[in-house]
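Notes follow once the structure below has been shown.
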Amino acid sequence: MASKAAPILIYGANNNKQDNPYSQLGISGFAAAGRLAPSNSRVQRVWQCLSHTHRAIIPVEDEVPSTSGAAPTQITLVRAYDKDLSSLPKPLSAADLSPFSGDGKKVRVAYQGVPGAYSEAAALKAYPKCETVPCDQFEAAFKAVELWLAEKAVLPIENSVDGSIHRNYDLLLCHRLHIVGEVQLLVNHCLLGLPGVRKEEIKRVLSHPQALDQCEMALSELGVTRVNVDDTASAAQIVASEGVREMGAVASTRAAEIYGLDVLAERLQNDSDNVTRFLILGREPIIPGTDRPYKTSIVFSLEEGPGILFKALAAFALRGISLSKIESRPQRRRPLRVVDDSNRGSATYFDYLFYIDFEASMAEPRAQNALGHLQEFARFLRVLGCYPMDNSSTN
């Protein structure tokens, strides 16, 4: 089988096709596991080649936020509480971003939300002495790093209860940042209220829709009305600003501290093991090593053919590489593919991009060989990042 190049540079191929035990799975131009043993300098050259960002042949367009059928709840912010919120940083919008050069004394980390958000807690877990930069949208956090307003961005990618955050998967492909790390954070949803208020006095609870859903059992027992807002920390900010005793928020203990609220109840979530995984993004990739467990994230699309996804995944299975995540997203510019060559009643199905996390470092020959094998079937292949796995406590 002749290998077909995808739009990324890959290390050299072994053209010896004699006695190839993997030919039925489509391995032809690349060596099987363990056959190649590149030197350290070769590993670095290969990684520099693989980690270079290339635009997708079929770029993913920005999503337009969907609007639900129900009319949104209108909330007017009125300063009625004596907690001074004027000193808090204002979230950046895309219009606020402009090239910026700092003094480099402290790492600046962008996140989506306002102070007290879980994303800010994840940023502080990754960089305890960092200066956090709040942004109003996920894309503003990407642009803050691209325009040098921040050195890193920390953004949620999946939750153990609600699954993947598709918007950020799409933004990874739209932007030219690299994944340089990950953070896992245990979510502790708390009921917050004004000082002196008892839990039984709360009649309305504000929070992000996902947080409200994750606390459905506890909130149902309280018999409260649920009000959707942009994020959990914004809910705490609104409660502090309005000063209405019957109003509460589902947010973090850090949000309670920032906005001067009392924690009326903790661990409201239905599932105690509620963990959110965040990605750390930077302008430049890190050079991977083998001194500790590494994870590599890639995105690719495949050529047509029977069993093509099986063959693509076999590139990892044959080399003993575990896949920790696989996610598919439709290609926006080419959502349908014709599978019948005739012009009479051609069948169509969705054309997808595949995002994969696998547990191996790009410094390992087996990982390099696996991507070389995958390239034989891929129309497009991009390495999003190779980074140390977060094996720390989620607390």
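We use all heavy atoms of the structure for the numbers below, so side chains are in, but hydrogens, waters and symmetry mates are not. We count residues from 1, following the sequence as given.
- A salt bridge does not link Arg108 with Glu131: none of the charged nitrogens is closer than 4.0 Å to a carboxylate oxygen.
- Residues Leu261 and Leu194 are in side-chain contact: their nearest non-hydrogen atoms beyond the backbone lie under 4.5 Å apart.
- Each of Met362 and Met389 belongs to its own hydrophobic cluster when Ile, Leu, Val, Met, Phe, Trp and Tyr are linked at side-chain heavy-atom distances under 4.5 angstrom.
- A distance-only check finds a donor-acceptor pair linking the side chain of Lys125 to the backbone of Gln184 [under 3.5 Å].
- Salt-bridge formation is detected for the pair Glu182/Arg277: a Lys NZ or Arg NE/NH1/NH2 atom is positioned less than 4.0 Å from an Asp or Glu carboxylate oxygen.
- With values rounded to the nearest 0.5 angstrom, Lys129 atom NZ is found 9.5 Å from Lys106 atom NZ.
- In this structure a side-chain-to-backbone donor-acceptor pair under 3.5 Å is missing from Tyr127 to Val107.
- Linking ILVMFWY residues whenever their side-chain heavy atoms come closer than 4.5 Å, directly or via other members, places Leu313 and Tyr352 in the same cluster.
- In terms of hydrophobic clustering, with Ile, Leu, Val, Met, Phe, Trp and Tyr side chains grouped at heavy-atom distances under 4.5 Å, Leu192 and Val244 are assigned to a common cluster.
- Using bins of under 30°, 30° to 60° and over 60° for the plane-to-plane angle, the ring pair Phe316/Phe358 lands in the tilted bin.
- For the pair His208 (side chain) and Gln210 (backbone), a donor-acceptor distance under 3.5 Å is present.
- Between Glu327 and Arg329 there is no salt bridge, since no side-chain nitrogen of the basic residue lies less than 4.0 Å from a carboxylate oxygen of the acidic one.
- Side-chain contact between Leu264 and Ile202 is present, with heavy atoms from C-beta onward closer than 4.5 Å.
- In terms of modelled atom types and a separation under 3.5 Å, the side chain of Tyr118 and the main chain of Asn188 share a donor-acceptor contact.
- Judged purely by atom type and a 3.5 angstrom limit, Asp390 has no side-chain atom pairing as donor or acceptor with the backbone of Gly181.
- The closest side-chain heavy-atom distance from Pro285 to Cys386 is not below 4.5 Å.
- A heavy-atom distance below 4.5 Å is found between the side chains of Pro134 and Tyr111.
- A donor-acceptor distance shorter than 3.5 angstrom exists from the side chain of Ser252 to the backbone of Gly116, with no hydrogens or angles considered.
- In this structure a side-chain-to-backbone donor-acceptor pair under 3.5 Å is present from Asp262 to Gly196.
- A distance-only check finds no donor-acceptor pair linking the side chain of Glu146 to the backbone of His175 [under 3.5 Å].
- Of the residues Leu172, Ile356, Leu279, Asp357, the one that meets the side-chain contact (heavy atoms from CB on, under 4.5 Å) test with Ser297 is Asp357.
- For the residue pair Asn270 and Glu216, no side-chain donor N or O sits within less than 3.5 Å of a side-chain acceptor on the partner.
- Ser160 places a side-chain N or O within donor-acceptor distance of the main-chain N or O of Asp273, the cut-off being under 3.5 Å.
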CA sep, side-chain torsions, deciding dist, call: Asn159, Asn274, side chain to side chain contact (heavy atoms under 4.5 Å, CB included): CA-CA 7 Å; Asn159 176 263; Asn274 187 339; 2.9 Å; yes
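- Looking at Ser207, its side chain never comes within 3.5 Å of a backbone N or O of Leu212 through a donor-acceptor pair.
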